[in-house]
Amino acid sequence: MTKMADDRAAGPGSRLKLDVEPYLHMYQQMARIRAFEEKVNELYTGAQMPGLAHLYIGEEAIAVGVCEALTPQDYITSTHRGHGHCLAKGASVNRMFAELLGKEAGYCRGKGGSMHIADIESGNLGANAIVGGSAGIATGAAFSAKHLGDGRVAVCFFGEGALGQGLMYEVMNMASLWSLPVIYVCENNHYNEYTHFSESTAGDITARPKAFGIHTETVDGQDVRAVYKTMARLVERVRGDGGPVFLLCDTYRYRGHHVGDIDRTYYRSKEEEQEWMTNRDPLKILSGWLVDQGLADQEIFDQITAEAKAEIEAGADFAINAPYPGISEVDQHVYAE
Amino acid sequence: MTKMADDRAAGPGSRLKLDVEPYLHMYQQMARIRAFEEKVNELYTGAQMPGLAHLYIGEEAIAVGVCEALTPQDYITSTHRGHGHCLAKGASVNRMFAELLGKEAGYCRGKGGSMHIADIESGNLGANAIVGGSAGIATGAAFSAKHLGDGRVAVCFFGEGALGQGLMYEVMNMASLWSLPVIYVCENNHYNEYTHFSESTAGDITARPKAFGIHTETVDGQDVRAVYKTMARLVERVRGDGGPVFLLCDTYRYRGHHVGDIDRTYYRSKEEEQEWMTNRDPLKILSGWLVDQGLADQEIFDQITAEAKAEIEAGADFAINAPYPGISEVDQHVYAE
Amino acid sequence: MSTQSDNGRELTFGRAIREALAEEMRRDPTVFIIGEDVAEAGTPFKVLQGLVDEFGPERVIDSPISEAGITGIGVGAAMTGMRPVVDIMFGDFVPLTMEQMVNQAAKVHYMSGGKLRVPMVLRTTLGATRRSAAQHSQSLHALLSHIPGLKVAVPSTPYDAKGLLKTAIRDNNPVAFFEDKMMYQLKGPVPEEEYTIPFGVADIKRQGRDITIVATSSMVHVALNAAEILEAIGISAEVIDPRTTNPLDRKTLVESTIKTSRAIVVDEGYERYGVTAEIASVIADGAFYYLDAPVKRMGAMDVPVPFSPALEDLTVPTVDIVAETAKSLCGRT
Amino acid sequence: MSTQSDNGRELTFGRAIREALAEEMRRDPTVFIIGEDVAEAGTPFKVLQGLVDEFGPERVIDSPISEAGITGIGVGAAMTGMRPVVDIMFGDFVPLTMEQMVNQAAKVHYMSGGKLRVPMVLRTTLGATRRSAAQHSQSLHALLSHIPGLKVAVPSTPYDAKGLLKTAIRDNNPVAFFEDKMMYQLKGPVPEEEYTIPFGVADIKRQGRDITIVATSSMVHVALNAAEILEAIGISAEVIDPRTTNPLDRKTLVESTIKTSRAIVVDEGYERYGVTAEIASVIADGAFYYLDAPVKRMGAMDVPVPFSPALEDLTVPTVDIVAETAKSLCGRT
Ligand SMILES: Cc1ncc(C[n+]2csc(CCOP(=O)(O)OP(=O)(O)O)c2C)c(N)n1
Ligand SMILES: Cc1ncc(C[n+]2csc(CCOP(=O)(O)OP(=O)(O)O)c2C)c(N)n1
Ligand SMILES: [Mg+2]
Ligand SMILES: [Mg+2]
């Protein structure tokens with residue numbers, strides 16, 4: 001995407017030089033993700049969606065900031081809370097909704113569902129319902145990239161809860177030893193399901209990757225510009241054979257662990273939720289900054305939001321009306337030819 | 001055991017005050033372990049021992065220094081290279097040889113063998129043939145000690161190769177979160193089988209436990225006095241609810257990974273081996289210091305060594321002449337009553 | 001239901017599990033629970049709700065997401081005087097615990113010549129048709145049933161769940177306890193008075209003459225419903241629930257088949273190399289000279305569990321298919 | 001040995017494995033080996049010796065002691081264009097890889113609706129009687145045979161080992177390849193010219209009329225020796241080697257049993273819920289109307305493998321026991 005003259009934006013008079021498009025694009029991507037998740041919640045509460053879903057609302061800046069710094073060929077692996085990652089990496093709303101409803105038009109022909117969306121065309125090696133389960137896959141993809149010399153990088157998205165899985169350390173050790181082009185993006189939204197991460201995570205998170213000799217940085221996961229700028233720099237480093245990196249993002253999920261997790265007061269306060277939604281919302285932060293900078297006014301954001309909603313509604317309708325896979329599919333794709 | 005006025009030993013004239021017994025005892029323990037392992041090697045080369053064995057020769061100061069700082073009630077878990085740990089914790093030579101030969105008089109009635117010696121009477125929860133496999137057991141024993149309030153501590157012996165196992169990090173995280181009385185003793189003898197640890201271990205080893213908020217120290221694993229003094233301090237800290245600690249010991253195995261590993265030049269040089277055996281031998285270092293301090297003369301060490309050899313020979317004879325378990329034992333002890 | 005009492009009280013399967021845990025924790029201070037979100041949350045299935053209030057966070061312990069680690073800690077705690085109940089949220093995560101279960105828990109007693117013991121329970125779930133897709137729907141009890149040194153319980157009713165769990169907690173060996181997550185709301189009689197159910201004793205859930213249907217866990221209800229259909233057409237089916245796959249009550253299974261001369265084995269695990277294979281071969285061997293038809297196996301289809309509602313239910317044995325199979329075995333069409 | 005060539009060359013089992021790897025690595029630059037001490041050391045069994053010299057440390061990679069990690073990296077590499085051969089030194093360590101094998105490798109293709117593939121081989125060992133005790137002697141191939149999405153090979157001869165390994169490496173699915181560590185020195189004919197052996201095709205290692213002995217891996221030789229003994233007393237035994245447990249060549253096993261009317265299944269894994277259960281129930285079902293006696297199973301004794309030389313050999317099926325069982329099945333004593 002277009003290189004942003006963010007720094008230049010500071011100096012007065014230089015405004016005209018600033019390319020605002022990329023920011024609007026990021027806003028649009030975040031708006032699409034949020035609208036998508038709101039619709040998912042609506043479908044669930046309306047009993048129109050089978051199973052459960054883990055909403056990404058509140059964390060949009062990470063997926064968007066990270067994926068904007070990647071090429072379509074670069075790989076990502078995602079999590080049970082993966083809708084945002086998939087959309088940010090380029091998945092189509094229609095096919096995602098189709099997958100969530102178990103329809104044949106879905107990315108996995110309806111066989112994977114919300115927690116298993118994979119789209120190799122956009123470099124998405126798949127969401128994973130095993131916490132930490134994709135750490136090996138992302139590291140292995142980086143191994144391929146290095147061995148094949150195709151210049152790709154692999155991003156492993158995971159929640160801070162995955163730091164409890166020993167696999168993370170086994171693969172970080174090897175990524176470091178072999179200088180693999182992998183970026184571990186830890187989305188610390190403060191909770192492992194219904195348990196605060198401080199009760200499950202000893203010591204300082206950033207010290208862990210550092211102990212394996214991995215370059216580690218921390219960023220405000222609610223500020224898409226910060227995430228993007230940091231990632232752009234890290235991706236360059238990693239692509240230049242600088243070895244693996246670890247990016248810790250501070251963030252928050254606005255809603256329940258999954259769509260059914262309504263009463264949350266026993267594990268976190270309404271105040272805490274309010275605080276994040278009011279003062280640390282990734283969409284507000286970006287639009288606010290653009291307005292302050294005089295680079296955009298509110299109408300444009302309302303317009304983007306309206307467009308996103310329309311796209312989402314159309315996507316949901318498409319999925320609702322799409323056919324299920326034929327029953328003969330049940331035992332197809334167990335083994336590849 | 002008697003508290004040692006090691007420090008006072010420094011000041012001249014204070015000699016008389018110094019209690020030399022404990023040092024001679026440590027020397028004796030190390031001499032017994034070495035003689036035991038030499039005999040094991042002899043039995044193996046003489047085709048008198050079934051299977052394989054991993055000799056502890058060169059690393060004696062760690063097992064002895066560590067176990068001298070423990071009470072019989074304290075727990076240890078051991079490794080595939082466990083003979084030294086078992087003897088240092090109080091196992092009988094006769095029953096150990098019996099186990100190595102698969103005899104009924106062995107600690108495990110011959111069912112465990114060299115890699116599975118367990119002796120609950122001396123607090124030994126068992127050697128383990130799975131690298132890192134006992135990290136959970138040791139941490140769980142510490143959990144029991146804390147929950148039952150019996151003031152015990154648990155020591156987990158493991159080689160640096162076990163740092164490759166994710167389980168280590170999962171349990172260190174919990175030990176730290178719950179302040180469990182466990183001491184992780186890493187015996188870094190520089191090789192994982194036939195691979196130098198630098199090829200398998202990224203970053204700085206001590207940074208790993210530290211990242212989980214675990215107090216970490218390093219000690220010269222060839223100096224039994226240093227190991228003992230450090231452990232005595234750490235045990236006190238851990239018993240006093242100071243939380244888990246990690247002790248990294250620098251050491252070296254003189255012989256092959258196992259008794260059959262004779263030609264080692266393809267993975268390490270004869271010079272390297274010579275250097276350690278000549279200048280960093282734990283028995284020489286202790287005896288040399290005692291002689292320098294005028295606390296003992298060479299005869300005593302020769303005497304101790306002779307006694308040790310005699311005990312070992314007797315133990316081996318006992319085992320060789322001991323009966324095998326009856327064949328009806330084969331399906332006994334699969335399930336406990 | 002031979003072994004079941006008939007006083008009025010009914011409990012759900014989930015409540016029966018909770019009651020068993022609470023009773024054993026009151027009875028024995030060394031019993032504790034460790035797992036993810038087991039305390040305030042009481043697990044995602046709410047099965048443990050309230051236990052932390054009575055027993056405190058020292059005995060109902062929220063752990064990090066470290067299945068291998070908590071299982072390992074459980075093994076060590078069990079070896080040193082505690083009776084851990086390790087909670088593995090989904091049976092699909094059992095593979096993460098396999099090294100500790102297979103190489104440690106299962107072997108410690110034998111390898112130590114009978115000196116060390118591992119009185120630990122690993123509680124987990126099985127069962128599909130919840131639209132949870134391939135990594136949250138498996139029934140992997142066959143994996144642990146294969147390992148000498150482990151015991152495996154697969155309760156099908158609230159009554160059995162309570163009695164078997166109490167036995168599991170008091171057992172001096174590692175026990176894997178599989179609960180069908182779809183049965184937590186199922187109600188059934190559970191007497192007030194205390195009781196336990198011995199391992200290795202099958203329960204004849206329904207008496208019959210013409211065919212034996214051996215079923216485990218959730219499949220017991222499928223079998224019972226199939227038996228109703230068969231009854232209507234004059235086929236009398238005996239439904240037997242082994243209740244534990246290891247130890248397995250071979251005698252009861254074989255004797256029933258000798259009586260009926262026909263058998264079907266129904267289990268929700270993958271069919272290939274699964275529980276139905278062991279039970280079918282035990283029956284085919286033991287009742288060989290009395291069988292009028294081959295022993296039929298019905299396990300889950302050998303495919304990863306699909307998410308789509310259009311596909312998932314096709315992978316699990318259903319009442320109709322069991323009834324149909326029984327009919328044809330009885331030479332009816 | 002129907003499928004075997006008879007040109008003069010003989011190789012050991014270990015050499016045949018090495019040759020298969022070398023040929024496939026020459027043929028396809030995306031094939032690489034990763035494992036503990038696989039490079040200069042060539043594994044403790046020396047099977048891979050020399051490969052690093054030809055292919056370099058980028059393709060023969062010494063890893064840390066991280067079985068789960070290297071398996072996970074193998075899965076990811078396989079999904080993105082490579083063909084990893086993950087070396088797991090002892091089959092006893094397979095439990096450490098179970099999560100990656102069961103929940104990832106086995107399911108990626110299906111969960112992605114057929115779009116992603118995992119062309120990976122997990123090479124490991126099985127087999128007892130080496131005095132290596134309970135954690136280094138297991139034959140755990142049943143665990144992976146149970147999982148849809150995985151394939152499992154259990155070669156018994158140098159010829160089969162080479163042909164099956166080449167097929168495994170070219171297969172687009174995750175394959176677990178189990179080698180009996182006691183067979184590495186076993187010699188057998190292996191032709192110079194290249195060949196592969198398809199999966200799911202059993203090999204009749206010996207023709208016979210009176211009884212079918214189905215055996216896997218190391219047990220094939222036990223069965224062949226038992227057949228010699230039986231021959232001497234006029235019992236003609238047919239010895240069948242399925243070569244892969246998954247896919248399983250049910251047809252050949254059943255047809256042979258229909259011909260002989262008797263069958264024994266011999267496998268070195270634990271008997272309960274093991275490979276013998278699946279095969280015996282497949283035969284008992286498929287050949288039901290032709291069987292003159294129950295299908296007998298002979299697996300490893302259901303105990304952790306003991307270290308003592310006085311006990312270990314008692315846990316594995318022997319030539320004499322197989323012959324005895326065959327005799328009594330044939331009504332001879
Ligand atoms: C190995 C494993 N253990 C447990 C679970 C159940 N589980 C699903 S999500 C979750 C919490 C994950 O927390 P985190 O990694 O922080 O991700 P977040 O949900 O906060 O995005 C748990 C325990 C699982 N899916 N996989
Ligand atoms: C989980 C596991 N993987 C591999 C092995 C094979 N193995 C036995 S010892 C060993 C090397 C261990 O090195 P280290 O931990 O440093 O101990 P050392 O032998 O040096 O004392 C290996 C790889 C094993 N026993 N367990
Ligand atoms: Mg989280
Ligand atoms: Mg070492």
Side-chain angles (χ1 to χ4, degrees), chain A residues 49-52 80 98-104 106 108-117 127-133 159-167 191-197 199-202 257-258 260-261 264 266-267 323-335, chain C residues 35-46 48-49 52-53 57 61-72 89-90 92-97 99-100 128-138 270-272 300-316:
Chain A
M49 189 189 72
L52 289 173
H80 57 284
E99 190 57 39
L100 264 61
L101 300 189
K103 303 300 182 76
E104 183 176 353
C108 311
R109 310 185 62 81
K111 290 175 168 181
S114 165
M115 295 197 288
H116 300 290
I117 294 176
N128 212 302
I130 301 296
V131 166
E160 83 291 343
L163 294 168
Q165 292 286 311
L167 179 70
Y191 293 89
N192 312 166
E193 279 193 354
Y194 319 106
T195 301
H196 193 268
F197 83 102
E199 294 170 40
S200 65
T201 320
H257 167 61
H258 57 67
D261 173 27
R264 302 183 285 273
Y266 72 91
Y267 70 89
Y324 282 112
I327 62 171
S328 67
E329 280 229 12
V330 69
D331 59 0
Q332 279 168 33
H333 307 126
V334 178
Y335 292 98
Chain C
E36 295 148 21
D37 296 300
V38 293
E40 287 70 20
T43 80
F45 306 107
K46 303 297 172 202
L48 306 185
Q49 221 160 34
V52 69
D53 306 323
I61 304 166
D62 275 337
S63 78
I65 307 170
S66 307
E67 285 78 8
I70 59 177
T71 305
M89 201 182 286
F90 285 81
D92 308 71
F93 312 151
V94 163
L96 285 161
T97 72
E99 200 288 313
Q100 290 297 309
T129 71
R130 197 162 158 273
R131 312 297 178 243
S132 305
Q135 294 175 337
H136 279 65
S137 308
Q138 297 172 90
Y270 300 122
E271 186 167 293
R272 242 190 264 131
M301 191 181 284
D302 291 305
V303 305
V305 179
F307 165 73
S308 182
L311 304 178
E312 186 179 16
D313 299 352
L314 301 170
T315 67
V316 178

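We use all heavy atoms of the structure for the numbers below, so side chains are in, but hydrogens, waters and symmetry mates are not. All chains are named by letter (A, B, ...) in the order of the sequence lines, taking the proteins before the strands, and each is independently numbered beginning at 1.
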Self-check item: Note, Gln135(C) side chain near Asn128(A) side chain (heavy atom, < 4.5 Å)
Solution: yes
Practice problem: Answer with side chain, backbone, both or neither: which region of Ala68(C) has an atom nearer than 4.5 Å to a non-hydrogen atom of chain A? | Solution: neither
Quiz prompt | Euclidean distance, Ile117(A) CD1 relative to Phe307(C) CZ, rounded to 0.5 Å | solution = 9.5 Å
Quiz item: Is there side-chain contact between Leu311(C) and Pro325(A), with at least one heavy-atom pair below 4.5 Å?
Solution: yes
Quiz item: Is it the backbone or the side chain of Glu312(C) that comes under 4.5 Å from a heavy atom of chain A, or both, or neither?
Solution: neither
Quiz prompt | OG-CD1 distance between Ser200(A) and Ile65(C), expressed to the nearest 0.5 angstrom | solution = 6.5 Å
Exercise. Taking the side chain as every heavy atom from C-beta outward, state whether Glu193(A) and Pro44(C) have any pair of such atoms under 4.5 Å apart.
Key: yes
Quiz item: Any idea which heavy atoms bring Asp302(C) and Val334(A) closest together, and the distance?
Solution: O-CG1, 4.0 Å
Practice problem: Grab the two heavy atoms, one from Gly112(A) and one from Ala133(C), that are nearest each other, plus how far apart they are. | Solution: O-CB, 3.5 Å
Self-check item: Nearest-0.5 Å distance, CD of residue Glu199(A) to CD1 of residue Ile61(C)
Solution: 12.5 Å
Quiz item: Between atom OG1 of Thr195(A) and atom CD of Glu36(C), what is the distance when rounded to the nearest 0.5 Å?
Solution: 9.0 Å
Exercise. Can you measure from CG (Leu167(A)) to CG (Leu96(C)) and round to the nearest 0.5 angstrom?
Key: 8.5 Å
Exercise. State, to 0.1 Å, how close Ser66(C) and Gly164(A) come at their nearest heavy-atom pair, and which atoms those are.
Key: OG-O, 2.6 Å
Practice problem: Grab the two heavy atoms, one from Arg131(C) and one from Pro50(A), that are nearest each other, plus how far apart they are. | Solution: CG-CB, 3.9 Å
Exercise. Select one option (side chain, backbone, both, neither) describing which atoms of Phe90(C) are under 4.5 Å from chain A's heavy atoms.
Key: neither
Practice problem: List the steps, then state whether side-chain contact (heavy atoms from CB on, under 4.5 Å) holds for His136(C) with Met115(A). | Solution: CA-CA 10 Å; His136(C) 279 65; Met115(A) 295 197 288; 4.0 Å; yes
Self-check item: Contact class of Tyr194(A) relative to chain C, heavy atoms under 4.5 angstrom
Solution: both
Practice problem: Just give me the residue among Ala41(C), Gly69(C), Ala39(C) that pairs up with chain A most often, heavy atom to heavy atom, under 4.5 Å. | Solution: Ala41(C)
Exercise. Compare every heavy atom of Val330(A) with every heavy atom of Pro306(C), then report the nearest pair and how far apart it is.
Key: CG-CG2, 4.3 Å
Quiz item: What part of Phe197(A) lies closer than 4.5 angstrom to a heavy atom of chain C: side chain, backbone, both or neither?
Solution: neither
Quiz prompt | Closest-packed option against chain C by number of heavy-atom pairs under 4.5 Å, given His258(A), Lys111(A), Gln165(A) | solution = Gln165(A)
Quiz item: Atom CG in Asp92(C), atom CD1 in Ile130(A): separation rounded to 0.5 Å?
Solution: 6.0 Å
